[in-house]
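A quick write-up on the structure given underneath.
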Amino acid sequence: MDSDDTLARNALSAMVNMAEDRQADIVIPRFQGTGGRQVQGLFLSFPEGDIGLPRAMETLSPQKLFRRSMIEQDQLRFPEGKVRLEDGIFITRAYTIARRITFCGTGPLYFIAERDDGQNISARPIDPDNYVSSCRKIAELLRDGVPDAKRSERLIRQFFSRKGLRFYAAKRWLKFDAERKQRWVTLHQQFLRDFVPSESDALIQNVTDRRKVMLIRAGDVIGLDRLIAAEQELVHTNQYLGGTHGTYGVELLVAVTPEDPTSILGQSRTPSAWRLNLARLVHRVLRPFFGHHFARGLSRKLSQIAVGRAPGAYLMLAGRRVRNAIAVPGRLVGAQNGSLHFRFVLPEELLRRFPGERVDMWTIAEVHPNLSGRQTRVRTAPLKKGQKLGGLAYATNQGNLSLDLRKKRG
């Protein structure tokens with residue numbers, strides 16, 4: 001642990017007990033940030049118990065409990081020198097050889113502090129060659145340490161989405177000069193060519209991330225500039241307006257509101273009332289047949305035709321334990337007070353892909369042509385004490401919308 005972090009009083013005993021009870025080689029404690037430090041969503045939502053490699057790879061920092069015999073037998077060591085992601089290299093190797101990894105703590109066990117002295121290596125300017133070199137080492141460890149080729153490819157793709165695409169977020173990318181942008185793209189283009197088959201790009205559910213990966217593969221810096229600049233114009237808030245649960249699945253109504261009324265999203269043309277009425281009519285007529293994939297697809301296509309070239313939205317769903325993300329395109333069904341109202345249909349076969357899970361949700365706004373922004377967690381209206389949303393939907397302690405699929409559904 002770092003010298004400026006602290007542990008809960010029961011942290012070590014809880015972690016050791018879990019390691020002994022479950023014969024785990026690595027125990028990940030639940031984090032909580034202090035002094036303004038933010039932590040990954042993993043530490044807020046993942047349930048206590050065993051954790052698979054895909055979710056464990058979301059935390060590559062070293063503040064974990066390791067079985068000493070594993071370290072000694074495999075001679076695990078941190079790389080020396082000024083190496084970026086040196087923790088990640090060590091942790092990835094440990095993950096791939098561990099018999100079992102567990103996540104410990106119903107409440108926070110490790111309190112990680114915000115550092116502002118700028119003395120640690122991770123606070124210094126990032127050299128693209130050094131950083132990508134370490135990413136390549138981690139990808140090699142995953143490729144060599146996970147025998148199933150499809151599984152290792154998926155892990156590397158997810159790793160690149162977290163550690164590679166972070167440099168294509170607007171707050172970073174727009175500050176780079178032309179030479180630095182080109183260097184990142186060149187290095188990442190080679191990384192993708194060597195480790196991630198292009199045919200797997202279709203599996204990236206986040207539409208903005210998928211478009212970025214395709215532009216990186218093409219070496220299209222100008223296209224990246226355009227897409228990333230649009231992210232700023234598509235920042236929005238949202239709110240859950242209600243939902244229904246039928247035999248065919250779940251419908252959710254979400255309002256998407258541009259954060260800046262003068263942005264591209266705020267200035268986008270809203271369909272006329274007759275077009276929106278036509279879209280709602282199509283939905284009502286075809287709803288009884290939504291148990292069939294064809295009817296849902298036809299409803300979505302006809303709704304798009306009805307509203308014309310209007311803004312769109314996707315609903316991103318992700319399970320807390322497995323994190324198998326799925327994107328669902330929305331139907332624009334209304335507009336009020338500067339907000340666009342989208343209806344999302346989640347059929348039963350989609351919900352069955354999250355067995356026994358609690359599912360979190362985000363929206364992604366999109367405008368023509370093919371410009372989309374970053375995802376925003378779906379919020380609920382403030383609830384009165386003891387008030388519940390009903391059905392499968394519920395509000396988290398943070399006021400976010402989630403689905404509880406642990407309940408038995410008829």
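Numbers here are sequence positions counted from 1.
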So, [X] and [Y], do they make that salt bridge, N to O below 4.0 Å?
X: Arg84; Y: Asp127; result: no
X: Lys212; Y: Glu231; result: yes
X: Glu366; Y: Arg211; result: yes
X: Asp201; Y: Arg157; result: no
X: Arg99; Y: Asp25; result: yes
X: Glu48; Y: Arg30; result: no

Q | side chain to side chain contact (heavy atoms under 4.5 Å, CB included) between Thr34 and Thr6, intermediate numbers included | A | CA-CA 10 Å; Thr34 62; Thr6 54; 5.7 Å; no
If you count every heavy atom of other residues, nucleotides or ligands that lies below 6.0 Å from [X] atom [atom1], does the total exceed 12?
X: Met214; atom1: CE; value: no
X: Arg374; atom1: CZ; value: no
X: Gln38; atom1: CD; value: no
X: Arg353; atom1: CZ; value: no
X: Arg309; atom1: CZ; value: no
X: Glu179; atom1: CD; value: no
X: Phe289; atom1: CZ; value: no

Among [options], which one satisfies side-chain contact (heavy atoms from CB on, under 4.5 Å) with [X]?
X: Thr208; options: Ile228, Leu234, Leu371, Ile364; value: Ile364
X: Val378; options: Asn400, Leu315, Leu252; value: Leu315
X: Tyr95; options: Leu141, Leu155, Leu53; value: Leu53

Q | Summary of ring-ring contact (aromatic ring centres under 6.0 Å, His included) pairs that have at least one residue in residues 211-243, sequence neighbours excluded | A | none
Q) Step by step, would you call Phe66 with Phe90 a side chain to side chain contact (heavy atoms under 4.5 Å, CB included)? A) CA-CA 11 Å; Phe66 300 90; Phe90 176 94; 4.0 Å; yes
Distance alone, cut at 3.5 Å: any donor-acceptor contact between the side chains of [X] and [Y]?
X: Arg331; Y: Ser299; answer: yes
X: Glu251; Y: His283; answer: yes
X: Asp260; Y: Thr262; answer: yes
X: Asp360; Y: Ser402; answer: yes
X: Asn238; Y: Thr363; answer: yes
X: Lys150; Y: Ser200; answer: no

At what distance, to the nearest 0.5 angstrom, does [atom1] of [X] lie from [atom2] of [Y]?
X: Leu187; Y: Ser133; atom1: CG; atom2: OG; result: 9.5 Å
X: Asn206; Y: Gln375; atom1: CG; atom2: CD; result: 5.0 Å
X: Arg296; Y: Phe290; atom1: CZ; atom2: CZ; result: 8.5 Å
X: Phe111; Y: Phe31; atom1: CZ; atom2: CZ; result: 11.5 Å
X: Ser45; Y: Arg321; atom1: OG; atom2: CZ; result: 11.0 Å

Identify the heavy atoms of [X] and [Y] that sit nearest to each other, and give their distance.
X: Leu340; Y: Ala335; value: CD2-CB, 4.1 Å
X: Phe46; Y: Arg55; value: CD1-NH1, 3.8 Å
X: Pro271; Y: Val307; value: CG-O, 3.7 Å
X: Glu114; Y: Gly35; value: CB-O, 3.2 Å
X: Ala14; Y: Leu109; value: CB-CD1, 4.4 Å
X: Val207; Y: Ser372; value: CG1-OG, 3.8 Å

Side-chain touch [X]/[Y], heavy atoms, less than 4.5 angstrom:
X: Ile305; Y: Val282; answer: no
X: Leu241; Y: Gln336; answer: no
X: Val213; Y: Leu165; answer: yes
X: Val132; Y: His188; answer: yes
X: Ile97; Y: Met70; answer: yes
X: Trp362; Y: Thr376; answer: no
X: Phe43; Y: Thr59; answer: yes
X: Ser339; Y: Val256; answer: no

**Q.** Ring-face cation of Arg180 near Phe176 (centre distance under 6.0 Å, axis angle within 45°)
**A.** yes
**Q.** Near-ring test Phe160/Phe195, centroid separation under 6.0 angstrom
**A.**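 When the ring centroids of Phe195 and Phe160 are compared, they turn out to be at least 6.0 Å apart.
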Q) Given the rule in the side chain to side chain contact (heavy atoms under 4.5 Å, CB included) test, do Val27 and Lys64 qualify, once you have shown the distances and angles that lead to the verdict? A) CA-CA 6 Å; Val27 180; Lys64 297 165 179 62; over 6 Å; no
Between the side chain of [X] and the main-chain N/O of [Y], is any donor-acceptor distance below 3.5 Å?
X: Arg377; Y: Met361; value: yes
X: Thr380; Y: Gly399; value: yes
X: Gln189; Y: Arg217; value: yes
X: Arg166; Y: Ser161; value: no

Q: Determine, stepwise, if the pair Leu276 / Arg280 fulfils side chain to side chain contact (heavy atoms under 4.5 Å, CB included).
A: CA-CA 6 Å; Leu276 291 171; Arg280 288 192 287 267; 3.9 Å; yes
**Q.** Trace of the side-chain hydrogen bond (donor to acceptor under 3.5 Å, both in side chains) decision for Tyr248 with His292
**A.** CA-CA 8 Å; Tyr248 59 86; His292 302 282; over 6 Å; no
Q) Should the ring pair Phe159 and Phe191 be called parallel, tilted or perpendicular, given that the plane angle runs from 0 to 90° and is split at 30 and 60? A) tilted
**Q.** Verdict with reasoning, Gln267 to Ser263, per side-chain hydrogen bond (donor to acceptor under 3.5 Å, both in side chains)
**A.** CA-CA 6 Å; Gln267 294 296 310; Ser263 65; over 6 Å; no
